[in-house]
Amino acid sequence: MASEILPLSAGQCRQARNALGLSAVRLASLAGISGETLLRFEKGSLTRATTVQKIYAALEAAGAEFTPEDSRGARACLKSRGA
């Protein structure tokens, strides 16, 4: 996991999950949470910080990289193959 956990938004989660080709069920499994919890988070429901950290870690381990917010907003992308 990154040394500093950036806030993970519902939009970033969906964006990263889609970019990685992961279903909600698969990501939930990788994060050790229920599919219902993941879907609630992606719909914007208030979610425990520990749950968001699990989702973040699972996405990062699967190859997602998160950028801090700038003029274009916070984004999720795939890690470079050479990274």
Check residues 18-34 and write down every donor-acceptor pair under 3.5 Å in which the side-chain atom is one partner and the other belongs to a residue at least two apart or another chain.
residue	atom	partner	partner atom	Å
Asn18	ND2	Arg14	O	3.1
Ser23	OG	Arg26	N	3.0
Ser34	OG	Thr37	N	3.0
Ser34	OG	Thr37	OG1	2.8

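For the residue pair Phe41 and Cys13, the shortest heavy atom distance occurs at CE2-CB, 3.7 Å.
Sorted by first then second residue, the salt bridge (charged side-chain N to carboxylate O under 4.0 Å, His left out) pairs that include residues 27-50, not counting sequence neighbours, are Arg17-Glu42.
Taken from OG1 in Thr47 to CG in Leu38, the straight-line distance is 9.0 Å, to the nearest 0.5 Å.
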